[in-house]
Structures are given as C-alpha cells and as structure tokens.
A.B. asks: 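Below: one structure in structure tokens.
All values reported here derive from a predicted model rather than from experimental measurement.
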Amino acid sequence: MTSFMIMGDMDYQISERQREMVRTFRGLGERLFSHDEVLSWQRERGLPDDVCKQIADLFYSFPENGDHAATGAFLTQALIMEELSRSAGISLPFGNDLLNLLIMREFAASSQIAPIEEAYRASGRLAFSLAISEPGAGSDTMGMETVVYEEGGRLVLDGRKTFVVNGEFAPSIMVAAIDKTAPEGRYPALSFWLVPLNTPGISAYPIDKIGQKILPFSDVIFEKVVLDPAQKLENSARAGFPQLFHILEVGRLMVCAQSLGMAQAAMEDAVAHANTRMAFGTNIGSFQQIEQMLVDMEVKLVNMRNMVYRAAWDLDHSAEGKRLSVALMKRYVPAAATEVVSDALQIFGGRGYTESERVSWMWQDCRGNQIAEGTDQIMVRIAAPLLLERYAREEGAGQ
C-alpha cells in the first residue's frame with residue numbers, strides 16, 4: 001500500500017485541504033526519514049534541531065494551524081501525526097509538543113503563552129517540558145501528591161514527577177501541583193507553574209526504557225522549591241481538573257494516531273517483504289498462512305483508522321459521546337497496532353527481530369502506547385460507565 005489513501009470516512013468529512021497537508025507531510029517524510037537517519041536518531045536519543053525546525057515550519061506554513069480553535073484542528077493534527085509516524089516508523093516528539101502547547105494555552109494567560117509559541121515557531125524546540133504523571137498516581141491524575149504550599153511567607157513546591165519528556169534538557173518545566181493555598185471546590189485546587197529547570201531544589205534523572213527512544217524521559221524531583229508567584233499560569237484556577245481531563249483526551253488521540261501510522265508502515269513493509277522473499281521456490285506472500293495474516297492486519301487497520309478519525313471528529317465538534325469515543329479508541333487502537341506490527345515482525349522472521357529492522361522499533365513504540373496516556377485497562381474503567389449510561393438512556397427513550 002504505497003499510494004496515499006484515507007479509508008472509512010463514515011459520517012465525518014476529511015477535506016481536500018487536510019488531504020493536501022497529509023501529502024505535503026508525506027513528501028517531508030520521504031526527504032527526512034531515511035532508515036539510517038532514524039536508526040541514528042534513536043541511538044542518539046533525540047531529533048536534530050534542523051529536523052524539528054522543518055516539521056514545525058511545515059505545520060505552520062498552513063495558516064489555519066496557527067489557530068488552535070480552527071475547525072477540524074484535532075482531525076488535522078491526527079492526520080499529520082499518522083503520516084509522520086508512518087513515514088518515520090517511530091513515535092516523534094511533535095505530537096507531544098502540540099499537546100504541551102494546548103495545555104499551556106488552556107492554563108496560561110495570553111501574555112504568558114505568546115513568547116513560548118513565538119520561540120517554538122522560530123526554533124522547532126519547545127522551551128518547556130510537562131510534568132503531570134507521578135510514580136504513585138499514574139493514570140489517576142487526581143491522585144497527584146505534588147503540592148504547593150506557603151511556608152514562612154513563601155510559596156514552596158514539593159513532589160516528584162515521572163515520564164517527563166525532555167525533563168533533563170528543556171530550559172523550563174511546566175509542573176502540575178495541588179495548590180494548598182487555594183480553596184477546594186468539587187475538585188482539589190489544581191495549579192500549573194512554569195519553573196526554570198536550574199531553580200534550586202529541582203533534580204532530573206534519565207529513565208531508560210525499551211521504546212520511544214527519540215523521546216527522552218526523566219524523573220524530576222522538587223524539594224522545597226521556592227516559587228515566584230509570577231510563575232503560576234494565570235488561568236489555572238479557572239481551568240482546573242475538568243479542563244485537564246479534556247486535554248488528556250487529546251493526548252490519547254495523538255498516541256492513537258501515532259500507533260495507526262506505525263501499524264500502517266508495518267503493513268507496507270510486510271507486504272513488500274512478502275512479495276520479494278522467496279522460499280520453497282515461490283514468494284512467501286503466496287502462502288495461505290501469510291495471506292491470512294495480511295488480511296487480518298488490514299481489517300485491524302481499517303477499524304483503527306475509523307476509530308481514530310471518529311474520535312478526532314467528535315473532539316472537534318464537542319460531540320456528546322466524545323469521551324466514550326476517545327476511551328474506546330484508546331482501548332482498541334494501540335493494542336491492535338501492536339498486534340499488526342507483531343504479525344509484520346513474524347512475516348519478516350528472524351530479520352524482524354533485529355534492531356536494524358524498523359518493524360522492531362515500531363513494535364516497541366506501539367507496545368509502549370498501550371501504557372501511555374492511560375492504560376488499556378483504565379480505558380475500560382472510563383468507557384464502561386459511559387456505555388451503561390448510554391444504553392440505559394436509549395432504552396428509556398424507546399419505551
């Protein structure tokens with residue numbers, strides 16, 4: 001499957017403008033993401049500055065991408081992330097950058113976000129990392145224990161964050177904390193603070209992991225870090241946990257779009273290999289077992305694509321069932337992508353189980369996406385009550 005294709009539009013519409021964007025990003029990917037370059041970047045644990053800049057430049061070359069409230073923005077971003085991951089065969093930091101900027105827009109005043117966005121457009125490098133997840137909380141965001149409190153007339157930050165992308169390298173950290181100086185409402189008082197990494201009391205340590213190698217993760221510890229009140233993002237009190245939950249759903253969309261892109265790449269690689277690999281006097285693509293694997297892989301790709309595009313459409317249109325769409329997507333897509341890539345690896349045989357073959361990279365990244373932004377199991381906890389409520393409501397309406 002080498003030609004550009006979008007399948008299963010259902011009741012959502014993919015515009016010609018969005019298709020144009022995907023085509024341009026495909027061209028960028030063909031120029032940038034050679035096998036050897038991507039392998040080298042993984043070993044170096046990051047993308048070169050010029051690659052980050054070219055991706056950001058192309059994204060913002062479409063004027064509507066500068067307006068985060070543009071119609072179809074989430075579907076557009078999902079399509080771009082799918083194509084970038086298909087071209088590169090790995091998880092790229094661009095989706096993480098878009099999510100972090102979205103969180104800052106929601107929690108910061110315009111005067112705080114403007115210089116950050118301007119610097120990002122100029123360099124392609126985000127000037128801050130995002131610290132939300134904690135070792136003892138994980139997907140239970142409201143279980144966070146990092147706090148801001150007053151001591152001796154000063155604001156103090158204490159706690160520990162984990163899986164902070166670029167936590168060792170970004171000049172600043174945007175850290176989420178429970179604000180003990182603010183009154184609680186229905187939810188604990190959530191605040192965000194943009195703190196320089198070199199502030200006394202902050203320590204960052206690398207996390208070694210088996211996948212997402214271009215995304216360097218860190219543990220970050222905050223020990224009695226003295227805060228300047230001006231470091232607080234000004235809209236934190238207004239936004240709070242409900243808005244954070246919504247934004248995390250966008251993060252799940254980006255993770256699933258990446259998984260879909262990598263699964264598509266694995267399918268393309270597997271088909272090419274099956275058509276050229278000879279065994280017992282014929283190409284292995286003519287073996288019935290291989291044919292069945294490829295057909296089942298394609299079925300999963302169609303289902304994955306429909307779920308990703310539908311969830312993006314629901315988020316763009318604030319559809320009533322958007323939370324359920326996202327949870328079902330996140331429950332299914334990364335796991336299905338892992339299965340597709342695993343089957344592709346099997347088709348490659350021993351060659352697929354080597355670090356030099358990109359199907360092995362994709363398997364690691366897709367497997368990690370079953371954990372990222374909420375595990376498969378947490379999605380059941382989110383989706384099941386929504387399903388029960390929806391079916392009860394529909395049954396009641398039918399009586």
Side-chain angles (χ1 to χ4, degrees), residues 17-18 20-22 24-33 37-38 40-41 44-70 73-74 76-81 83-85 87-88 90-131 164-175 192-199 202 204 214-218 228 230-235 247 250-251 254 258:
R17 179 67 165 176
Q18 290 169 324
E20 178 188 354
M21 288 188 201
V22 173
T24 60
F25 273 92
R26 172 159 291 194
L28 180 74
E30 290 172 350
R31 293 195 305 273
L32 292 181
F33 301 137
E37 289 281 19
V38 174
S40 172
W41 299 337
E44 295 168 3
R45 298 293 197 262
L47 291 182
D49 290 342
D50 68 301
V51 173
C52 294
K53 182 70 163 60
Q54 288 184 65
I55 293 173
D57 283 349
L58 183 56
F59 181 76
Y60 288 114
S61 71
F62 294 90
E64 58 267 46
N65 288 337
D67 178 8
H68 72 280
F74 294 134
T76 296
Q77 292 175 20
L79 290 166
I80 290 171
M81 286 311 309
E83 182 53 39
L84 284 172
S85 296
S87 298
I90 52 170
S91 297
L92 293 166
F94 185 61
N96 184 76
D97 292 346
L98 294 180
L99 179 65
N100 289 3
L101 286 169
L102 176 61
I103 293 177
M104 176 163 271
R105 288 191 198 103
E106 294 297 330
F107 286 87
S110 58
S111 59
Q112 293 173 307
I113 181 64
I116 297 287
E117 289 194 316
E118 183 179 344
Y120 180 68
R121 291 195 190 201
S123 68
R125 290 285 191 190
L126 204 55
F128 67 93
S129 60
L130 177 65
V164 181
V165 178
N166 284 325
E168 294 178 89
F169 308 111
S172 297
I173 302 176
M174 189 168 73
V175 55
F192 276 88
W193 303 77
L194 190 62
V195 188
L197 178 62
N198 61 4
T199 302
I202 299 179
I214 284 180
L215 300 173
F217 284 14
S218 301
D228 183 334
Q231 293 169 342
K232 184 176 182 178
L233 301 192
E234 295 181 14
N235 288 335
I247 297 171
V250 177
M254 293 299 106
Q258 289 182 350

A.B. asks: Determine whether Gln112 and Leu194 satisfy the following criterion, side chain to side chain contact (heavy atoms under 4.5 Å, CB included), listing intermediate values before the conclusion.
C.D. replies: CA-CA 10 Å; Gln112 293 173 307; Leu194 190 62; over 6 Å; no

A.B. asks: Might you point out which heavy atoms bring Glu37 and Leu32 nearest each other, and give the distance in Å?
C.D. replies: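 For Glu37 versus Leu32, the nearest heavy atoms are CB-O, 4.1 Å.
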
A.B. asks: For a 4.5 angstrom cut-off between non-hydrogen side-chain atoms, does Leu79 reach Met21?
C.D. replies: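 Side chain of Leu79 against side chain of Met21, heavy atoms only: no contact under 4.5 Å found.
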
A.B. asks: Return the minimal non-hydrogen interatomic distance between Asn100 and Phe128, and the atom names on each side.
C.D. replies: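 Reported closest heavy-atom pair: O-CZ, 3.6 Å.
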
A.B. asks: Keeping Gln258 on the side-chain end and Leu92 on the backbone end, is there a donor-acceptor pair under 3.5 Å?
C.D. replies: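 Yes, Gln258 side chain to Leu92 backbone: donor-acceptor pair under 3.5 Å.
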
A.B. asks: Could you state the interatomic distance from CD1 (Ile80) to CZ (Phe94), rounded to the nearest 0.5 Å?
C.D. replies: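 Spacing of CD1 (Ile80) from CZ (Phe94) equals 6.0 Å.
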
A.B. asks: Quick one: are Ile113 and Leu233 in side-chain contact, heavy atoms under 4.5 Å?
C.D. replies: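 Answer no - side chains too far apart.
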
A.B. asks: I want to check something: taking the side chain as every heavy atom from C-beta on, are Gln231 and Pro196 in contact at a cut-off of under 4.5 Å?
C.D. replies: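 They are in contact (side-chain heavy atoms under 4.5 Å apart), so the answer is yes.
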
A.B. asks: Which heavy-atom pair separates Arg121 from Lys53 by the least distance, and what is that distance?
C.D. replies: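 Of all heavy-atom pairs spanning Arg121 and Lys53, the closest is O-CE, 4.1 Å.
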
A.B. asks: Minimum heavy-atom separation for Leu101 to Tyr60, with atom names?
C.D. replies: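 Looks like CD1-OH, 4.0 Å.
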
A.B. asks: For Leu126, which of Val165, Asn96, Asp97, Leu98 qualifies under side-chain contact (heavy atoms from CB on, under 4.5 Å)?
C.D. replies: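 By the side-chain contact (heavy atoms from CB on, under 4.5 Å) criterion, Leu126 pairs with just one of Val165, Asn96, Asp97, Leu98: Asp97.
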
A.B. asks: Going by side-chain contact (heavy atoms from CB on, under 4.5 Å), Gln54 matches just one of Leu58, Asp50, Asp57. Which one?
C.D. replies: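 Only one of Leu58, Asp50, Asp57 forms a side-chain contact (heavy atoms from CB on, under 4.5 Å) with Gln54, namely Asp50.
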
A.B. asks: So, are Glu20 and Arg17 salt-bridged, with charged N and O less than 4.0 Å apart?
C.D. replies: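 A salt bridge is present here (some side-chain N lies under 4.0 Å from a carboxylate O).
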
A.B. asks: Using 0.5 Å steps for rounding, measure from the OG atom of Ser110 to the CD atom of Glu234.
C.D. replies: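 Taking OG in Ser110 and CD in Glu234, the distance rounds to 8.5 Å.
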
A.B. asks: For the atom pair CD1 (Ile90) and OG (Ser85), what is the distance rounded to the nearest 0.5 Å?
C.D. replies: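 With rounding to 0.5 Å, CD1 (Ile90) is 8.0 Å from OG (Ser85).
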
A.B. asks: OH of Tyr120 to SG of Cys52: how many Å apart, nearest 0.5 Å?
C.D. replies: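 If I round to the nearest 0.5 Å, the distance is 7.5 Å.
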
A.B. asks: Nearest 0.5 angstrom please: Phe192 CZ to Lys232 NZ, how far?
C.D. replies: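 Here the rounded value is 12.0 Å.
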
A.B. asks: Main chain of Asn65, side chain of Gln77: is a donor-acceptor contact present, judged purely on distance under 3.5 Å?
C.D. replies: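 No.
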
A.B. asks: Parallel, tilted or perpendicular: which describes the rings of Trp41 and Phe33, with under 30° parallel and over 60° perpendicular?
C.D. replies: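 Perpendicular: the ring planes of Trp41 and Phe33 meet at over 60°.
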
A.B. asks: What residue among Pro93, Pro171, Pro216 forms side-chain contact (heavy atoms from CB on, under 4.5 Å) with Asn166?
C.D. replies: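 Of all the options given, the one that passes is Pro216.
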
A.B. asks: Walk me through whether Phe62 and Thr76 qualify under side chain to side chain contact (heavy atoms under 4.5 Å, CB included).
C.D. replies: CA-CA 11 Å; Phe62 294 90; Thr76 296; over 6 Å; no

A.B. asks: For a 4.5 angstrom cut-off between non-hydrogen side-chain atoms, does Phe107 reach Ile247?
C.D. replies: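 Phe107 reaches Ile247 side chain to side chain.
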
A.B. asks: If every non-hydrogen atom of Gly167 is compared with every non-hydrogen atom of Ala204, which pair is closest and at what distance?
C.D. replies: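 Of all heavy-atom pairs spanning Gly167 and Ala204, the closest is O-CB, 3.8 Å.
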
A.B. asks: Taking all atoms of both residues into account, what is the closest heavy-atom pair of Gly95 and Met81, and its distance?
C.D. replies: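 Where Gly95 meets Met81 most closely, the heavy atoms are N-SD, 3.5 Å.
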
A.B. asks: Measure the spacing between CG of Leu215 and CZ of Arg45 and express it to the nearest 0.5 Å.
C.D. replies: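 Spacing of CG (Leu215) from CZ (Arg45) equals 11.0 Å.
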
